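One structure is given here, and the rest of the page talks about it.
By convention in this document, chain letters (A, B, ...) are assigned in the order of the sequence lines, proteins followed by strands, and residues within each chain are numbered from 1. These numbers were taken from a predicted model, which means no experiment stands behind them. Values below: every heavy atom of this structure, side chains too, minus hydrogens, waters and symmetry copies.
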2 protein chains.
Amino acid sequence: MALYASGEDYLEAILVLQRKMGAVRSVDLSRHMNFSKPSISNAVGLLKKGGFLEVDGNGSLLLTDLGREVAEQIYERHQFFTRQLIAAGVDEKLAEEDACKIEHAISEESFRKWKAELEG
Amino acid sequence: MALYASGEDYLEAILVLQRKMGAVRSVDLSRHMNFSKPSISNAVGLLKKGGFLEVDGNGSLLLTDLGREVAEQIYERHQFFTRQLIAAGVDEKLAEEDACKIEHAISEESFRKWKAELEG
DNA sequence: CCTTTTTGTTAGCTTACACTAACCTTTGGG
DNA sequence: CCCAAAGGTTAGTGTAAGCTAACAAAAAGG
């Protein structure tokens with residue numbers, strides 16, 4: 001079960017929301033990501049099928065170990081690129097936006113090495 | 001006429017091939033990018049319609065001023081990210097691959113500032 | 001000069017990923 | 001207790017961007 005950019009985004013958003021508000025339901029994700037309920041429903045179904053998350057009796061989305069690992073990796077990239085861009089003088093909003101796209105484009109190997117080089 | 005990541009890639013590839021071999025036809029692009037002839041044909045049609053390139057009597061693809069400008073912008077990003085990753089110890093092949101994806105993900109403003117910060 | 005190869009296009013398929021419209025549940029206040 | 005709101009799903013749509021199969025036209029060479 002392959003994971004695409006969009007799936008990574010969902011996992012990252014779940015992680016962020018979990019940290020911010022504890023339990024996370026589909027509707028929270030829908031509001032946070034500005035995606036329609038059906039889009040979320042579909043994505044959650046795929047992520048569940050892929051073993052990245054589970055849904056409990058209350059409708060709360062729970063990351064599996066695998067899902068959490070992916071989410072944390074992506075979130076680390078997000079923070080790194082955001083920091084770098086802000087340090088370069090980019091305003092926070094744009095830095096976040098661009099980081100959000102770059103984070104899916106780079107391989108783990110390149111990210112590790114680049115981060116070590118720039119923030120070592 | 002909006003330009004997407006794929007369109008940027010085609011323009012960049014045309015620029016690179018022009019520099020390497022002079023005239024560039026669709027079939028050269030097809031071989032270089034490992035895309036089927038119909039995919040190229042379709043993309044070239046869209047880029048033509050968008051005013052990014054023209055096709056002369058020999059089937060050579062000619063970038064318009066607009067097309068060249070975009071191509072050069074993207075190529076500059078490509079080189080920047082490739083350099084950065086190689087400097088961080090990433091091997092050339094992976095650096096190229098990742099640069100090729102990152103180059104479409106970053107905004108012009110962020111790129112300019114980041115490049116100035118890191119290489120300025 | 002005719003045949004084979006090269007080049008390009010047309011038509012139609014697939015997948016990822018968003019959307020709306022419409023429909024079920026469940027929940028919760030008056 | 002019932003009706004409305006909230007949460008979630010189903011079904012069907014659209015677009016970007018790749019693909020194959022099949023064909024047309026042009027070039028090349030025995």
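- Among the nucleotides D:dT10, C:dC17, C:dT20, the one closest to the side chain of A:Y4 is C:dC17.
- Checked against B:R77 for a salt bridge (Lys or Arg N to Asp or Glu O under 4.0 Å), the options B:E108, B:E12, B:E103, B:E72 give a single hit: B:E108.
- If you measure from atom CG of B:N58 to atom P of D:dA25, you get 19 Å, rounded to the nearest angstrom.
- Taking 4.0 Å as the cut-off between side-chain N and carboxylate O, B:D65 and B:R68 do not count as a salt-bridged pair.
- Ring orientation note: the planes of B:Y10 and B:F35 are tilted relative to one another, at an angle of 30° to 60°.
- Aromatic ring orientation, A:F111 versus A:F80: perpendicular (interplanar angle above 60°, classes split at 30° and 60°).
- Summarising the geometry, the separation between CG on B:N42 and C1' on D:dC19 is reported as 11 Å, rounded to the nearest angstrom.
- Contact annotation: B:R31 does not reach the phosphate of C:dT6 (side-chain N/O to OP1 or OP2, under 4.0 Å).
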Please tabulate, one pair per line, each protein N/O and nucleotide N/O from nucleotides 21-24 of chain C that are separated by under 3.5 Å, including the distance.
none

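- When the P atom of D:dT9 is taken as reference, atom CG of A:L29 falls 12 Å away, rounded to whole Å.
- Around the CD atom of B:E92, the shell of radius 6.0 Å holds no more than 12 heavy atoms that belong to other residues, nucleotides or ligands.
- Between the CG atom of A:L3 and the C1' atom of C:dC17 there is a distance of 13 Å, rounded to whole Å.
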Inset, instruction - Evaluate the criterion salt bridge (Lys or Arg N to Asp or Glu O under 4.0 Å) for residue pair A:E117 and A:K113; output intermediate values, then yes/no. - result: CA-CA 6 Å; A:E117 176 78 7; A:K113 288 182 176 167; over 6 Å; no
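- Within residues 7-26 of chain A, the residues that have a heavy atom under 4.0 Å from DNA chain D are, in order of number, A:R25, A:S26.
- Between A:K48 and A:F52, the closest side-chain pair of non-hydrogen atoms is not below 4.5 Å.
- Distance CG (A:D56) to C1' (D:dG8): 14 Å, rounded to an integer number of Å.
- Phosphate contact (OP1/OP2 of C:dC17, side-chain N/O of A:S39, threshold under 4.0 Å): absent.
- Following rounding to the nearest Å, A:I40 (CD1) and D:dT9 (C1') show an atom-to-atom distance of 13 Å.
- Counting any heavy atom pair closer than 4.0 Å across all strands shown, A:S6 reaches sugar-phosphate atoms only and no base atom.
- Side-chain contact between B:L11 and B:L3 is present, with heavy atoms from C-beta onward closer than 4.5 Å.
- The environment of A:Q79 atom CD is dense: over 12 non-hydrogen atoms of other residues, nucleotides or ligands sit within 6.0 angstrom.
- The separation between A:K49 atom NZ and C:dA16 atom P is 10 Å, rounded to whole Å.
- Counting to the nearest Å, the P atom of C:dT9 and the CG atom of B:L46 are 12 Å from each other.
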